[in-house]
Every structure is written in C-alpha cells, then in structure tokens.
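In what follows, a structure is listed as structure tokens, so that the remarks can point back to it.
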Amino acid sequence: MPSRMTANVLAITAQARAGALDRAWQMFRDAGFDRVADDPAVLSLKGRLLKDEALLLAGEARREHARAAAAAYAAAAQLAPAPYPLINAATLALIAGDVPGSYSLAADVEELLQAGIADETPYWLAATEAEARLLSGDVAGAEAALARAIAEAPHAWEDHASTLRQLGVILAEQGASADWLRPYRPPCSLHFAGHLRLPEDVGALTDSIDALLNSERVAFGYGALAAGADLLIAERLIARRAEVHVVLPGTVSEFVERSVRPHGHRWVRRFEAALAEAASVHELGEASPEAFMPSVRLADLVAMGRATLQAGLLQSEAVQLLVGPGALDDAGQSAHAGALWHRAGRRQHLLPLPVSASPQPPAPSRVQILAVLAVDLLGGEGEDYSALERDLACRLPALHRALAETPPAVARWSAQRLLLGFSAAGAAWEAARSIGAALASTGPLRQALHIGLAMPVRDPVTGGAVLLGSSFDLAERILGVTAAGATFASEAFAASLAACEADAGRAELVGELGLVGQAPVALYAMRPRLIR
C-alpha cells in the first residue's frame, strides 16, 4: 500500500508540473487523497496543488488558496517536522495576508534548523534559513544565509534560481525592493549573431567581445557557427569556458557547405573545433536555396528563445550581442534578429562593422515559418459517430468564437483532431489560450504546439492553395502524448514564443518525444504567466 500511495503521489505531481491542474486534482480525488489527513506526503501534495492555483490567481481568490495551501503544509509538518513543508507554510501564510502567522512559522523553521535534525543538503539548509529570516524581517540575516548557501554549491544554478524565485515572491508581498538579490543571480545567457565578413585585423574587435562577455558575466551562449562573427564570438565564449549551444539552419553538413566552406578552409577548421566544444547542437529546417533564409530566421528565433528560456529558468537575464549592424533597421538577418529582441524589451549590444561589410537583403522565398496548434476536440479515438456529432455540436460554436480575434492562416482535420496554422508563435499561443478558456466547461482539453517550415502548393484535386510541411505531423504527434487538460509544445515553439513575446507565458520542461531515426524532441508544458 505505501508503494502504491507513493506512485500515486509522484504521478499526480507530474501532472501538476505539466500544468494539468484539473487532471491532477481529479487524480488526487480518485486516489482518495482528499480523505487523507494522516500522511505528510499527501498533505504536502495537497499544499503543492493549492499553491500552484494560488500563484495563478489574484486578489482574494489568491489569498484564499494560499491560506488553504499553508494549512495543508502546516498539517504535514505537524505529522513529520521538516523544513520543506514548514517553510512553504510560512511563505504561503504571508501570501494569504497572515503576517503574524507567517512570522511564527518562520520562527519554527529556524528552531528546527538549529536543532540540526533536518535531512537536507548544506545548500538547502542555508537557503531555507535565508527564506525564514526574510519572512521574519531580517534582511541582513537573509542575505548572509543566502551567501552561505551559494558558497556551499556555487554552480548549482537551478537551485539558486529556485531560492531566488521564492525570495522574490516574499519581497513582492512585503512591498520591498529585490535589488539586493541581483549579485546572487546566476550568470547571463547570450544570443549572438553577426556578419560573415570581418576586418582583416580583428584584435580590437576580439578585445571588445571579451570585455562585454566579462562585464555581462555570460556563461551560456546560443547562436550559429557561420564563418565570421558567429565563430569569433563562439570562440571567445569557449575561451571563458561558457557553454555554447549551437542552433543551425539545416544539418551540420549542409550548413558547412553553405555558410562556412565558401569562405575558406581555415573557417572549416575553426568550425569543427568550435562544434567539438559545443554543449548542444540543434538542427532546424534545411539549407536548400528555397528554404535557407526561412530556416535561418527560424534558427535565430529558436536560439534567441533558448537564451531567454535559460535565463528564465535560472532567474537571471538574457542579453544579445550582434557584430556588424550599425542600427536595427540595417539590411540582413542580424539586424532583423536585433529588431525582434529590441521589441521584446531586452538589453542588447551592437558592435558595428564598416558599411562595406554589410550584407544584402535576403531574396524573397515562398517557404514560410508556420506555427501549428493541434487541438483534440473529441478526447478519444472511438468510432461512436453519434457521440462525436454531439461533442462537436457542443464545442464548435465556442471554438468559432475563440478564433474570431486570431483566425488561423490554414485549418485542417486529421482524424478527430483539428490542426490550425498561424504565421507566428504568438498568434498560435493566443489561440490556444482562447480555445482553452472557451471550452473549459466542456471537459478536459488537450492542445499541442509546434513551429517549422511550410511550402504553399496547389492542390491537384481542388485547385486551391494548400500549405505542406512536417509541422502538422509533429504537432499531432505531440498531441498524442499531451496530458489531459494540458498544453504541450516542442522546444522550437516554446523558444520561438519566448524570443518575441516578453510576457507570453511560462514554459516548463516535462520530457521528450522520441522519433525514429531523429533526435528526440524536448517537450514543454505551456502555462499562463504567474500572477505576482
């Protein structure tokens, strides 16, 4: 029985991580956990679900859920005293508006830590102390404890981010400044790009790049490895032992033939050396003449977004470095990427090169970037056609209303699933949110999102124009593994959305989708941005 209960707790926690809170609650009740009052793991899980809901709400609803979550965590701590449930109860009491209760629980946490019976790592013991002291109003003590925690595990950046996120919530509730947290944030993530042609003497440019990487504390870089500025920046990142994550338009071999070898064999050697040091390599699109520039733009979107997602994960900042453009309205892809970054309100650095080195504007292409939203409107694969008809009659009117403000560029049916194509990731995400809200009362809904390339062709049967591309197929395959009540997205989509939308949503890594003969696709659960 205990092992079965543990398995249920883990399964429900996985649903909560995926953003499927309705499904998690249903599983919680089906397991009979709503009647359990004597198991600390179940009570902590109840607190977790209520906390997740509280952070998606505002006003009195937020406080009410926080109050219930604090009570669940406190009950778990009473059965089995431990820092984790107790510190959560203390922070949630603050969110609920119970300042004296939060203060009292924080004091209990400190007593537990001083007793030395907590089974935690040195990092988490010090981080929990920092949270407890901040709740007690001891900012100096909180900062000292935070400094000790980070000294215990200086490169555990995801743990640092979790602590900083909690401390940020507390400071927001207290109406206090969070500026003192800035020196403790993990290093920055960088999106980099630039022109192919560099001046013969790159000494001054190299010094400028090194100085910028040092001043920004860059530890993660995202971009391509074309001859010229891309490779120069990547080499400087590698020299400072930063992680370099390569995002290429097309396969490695295609990219070398298109963007490296034509500029000389020395660039091929530099490419191979940098690629060998890369922390990851992501291949997108193709290098054919028709699809190359759309593939370049998609690769830049994904690289920008991955830098942004990494910064969000680590509670740090994403910055951009462009070598070549003198202004964001210059010709060329680097300036185009810079304009997108600027519109999202993020910081960037431009290191201009002589005007003579500026690239020509890209030639127009029929291939286009397409964001695909797959919606499971019927929730199954059965062939009870009368039931299917009833379900559609119930859901289609609401679906039409949801899509009125964000109409898709293309729509098609696949079995019992609706596939919608949009020209941008932001439009697809808005449609997913609108559909989810409009159909929330009709039962659990599954949605999936992907972005890729599509080519308009003439249908030989109808004579009309249709869009063809593998994005539809992959979106449908992602839908097949999406949890009921959740919205899953490929990493390409989650990154593309993050690249262009400063406040689009919250993406949380939930797993991978295996593909035969291809690299697995990382999957993210897409959720609304938390309300603070």
Side-chain angles (χ1 to χ4, degrees), residues 285 291 294 298 301 365-383 385 387-482 484-490 492-494 496-497 500-501 504-505 513 521 526:
L298 179 60
L301 277 176
S365 171
R366 291 185 302 149
V367 178
Q368 58 189 266
I369 295 173
L370 190 71
V372 177
L373 167 62
V375 187
D376 184 358
L377 285 173
L378 302 170
E381 300 293 342
E383 294 187 356
Y385 292 107
L388 298 183
E389 188 175 19
R390 286 196 303 273
D391 287 345
L392 282 176
C394 173
R395 288 185 157 185
L396 283 182
L399 178 67
H400 282 300
R401 291 193 296 272
L403 292 175
E405 293 187 6
T406 53
V410 62
R412 64 173 67 161
W413 284 95
S414 175
Q416 299 170 18
R417 295 160 176 173
L418 179 62
L419 304 177
L420 304 170
F422 298 84
S423 60
W429 171 236
E430 283 304 313
R433 293 182 63 187
S434 297
I435 292 171
L439 301 182
S441 63
T442 64
L445 185 71
R446 294 185 300 142
Q447 300 187 93
L449 293 151
H450 178 56
I451 192 167
L453 302 182
M455 166 78 85
V457 299
R458 187 162 298 281
D459 189 324
V461 178
T462 66
V466 295
L467 284 170
L468 297 183
S470 61
S471 299
F472 295 100
D473 176 63
L474 187 50
E476 192 172 5
R477 294 181 70 174
I478 294 171
L479 188 64
V481 299
T482 299
T487 299
F488 282 7
S490 66
F493 181 90
S496 297
L497 183 66
C500 299
E501 307 288 337
L513 174 65
V521 174
M526 302 299 299

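Because the structure is predicted, anything quoted here is derived from the model rather than measured. When a residue number appears, it is its place in the shown sequence, counting from 1.
Taking both residues in full, the closest heavy atoms of Leu301 and Cys500 are given as CD2-SG, 3.4 Å, listed atom of the first, atom of the second, then distance. The heavy-atom pair separating Phe493 from Ala425 by the smallest distance is CZ-O, 3.4 Å. Contact between Phe422 and Pro408 at its shortest, heavy atoms only, is CE2-CA, 3.5 Å. For Ala454 against Pro456, the heavy-atom pair with the smallest separation is O-CD, 4.1 Å. In terms of heavy-atom proximity, Leu445 sits nearest to Asp376 at CD1-O, 3.5 Å. Across all non-hydrogen atoms, the minimal contact from Ile451 to Ser496 is CG2-OG, 3.6 Å.
A donor-acceptor pair is defined here as one N or O able to donate and one able to accept, closer than 3.5 Å; such a pair exists between the side chain of Arg446 and the backbone of Leu479.
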Yes or no on side chain to side chain contact (heavy atoms under 4.5 Å, CB included) for Leu373 and Ile435, after CA distance, side-chain angles and deciding distance?
-> CA-CA 11 Å; Leu373 167 62; Ile435 292 171; 3.9 Å; yes
Go through the steps to decide whether Leu403 and Leu420 satisfy the test side chain to side chain contact (heavy atoms under 4.5 Å, CB included), and finish with yes or no.
-> CA-CA 10 Å; Leu403 292 175; Leu420 304 170; 3.9 Å; yes
Decide side chain to side chain contact (heavy atoms under 4.5 Å, CB included) for Leu418 and Trp413; before the verdict, give the C-alpha distance in whole Å, the side-chain angles of both, and the deciding distance to 0.1 Å.
-> CA-CA 5 Å; Leu418 179 62; Trp413 284 95; 3.9 Å; yes
Can Thr482 and Gln447 be said to form a side chain to side chain contact (heavy atoms under 4.5 Å, CB included), step by step?
-> CA-CA 7 Å; Thr482 299; Gln447 300 187 93; over 6 Å; no
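The CG atom of Leu449 lies 8.0 Å from the OG atom of Ser490; values are rounded to the nearest 0.5 Å.
Qualifying salt bridge (charged side-chain N to carboxylate O under 4.0 Å, His left out) partners for Arg366, counting only residues two or more places apart in sequence or in other chains: Glu290. Not counting sequence neighbours, Ala424 has no partner by the side-chain contact (heavy atoms from CB on, under 4.5 Å) test.
Within the 4.5 Å cutoff, the side chain of Leu370 has no heavy atoms near those of the Leu453 side chain. Looking at heavy atoms from C-beta onward, Glu501 lies out of side-chain contact with Trp429 at the 4.5 angstrom threshold.
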Identify all side-chain donor-acceptor contacts of residues 470-478 below 3.5 Å with residues at least two apart in sequence or on another chain.
{"unit_1": "Ser471", "atom_1": "OG", "unit_2": "Gly452", "atom_2": "N", "d": "3.3"}
{"unit_1": "Glu476", "atom_1": "OE1", "unit_2": "Ser414", "atom_2": "OG", "d": "2.9"}
{"unit_1": "Glu476", "atom_1": "OE2", "unit_2": "Ser414", "atom_2": "OG", "d": "2.7"}

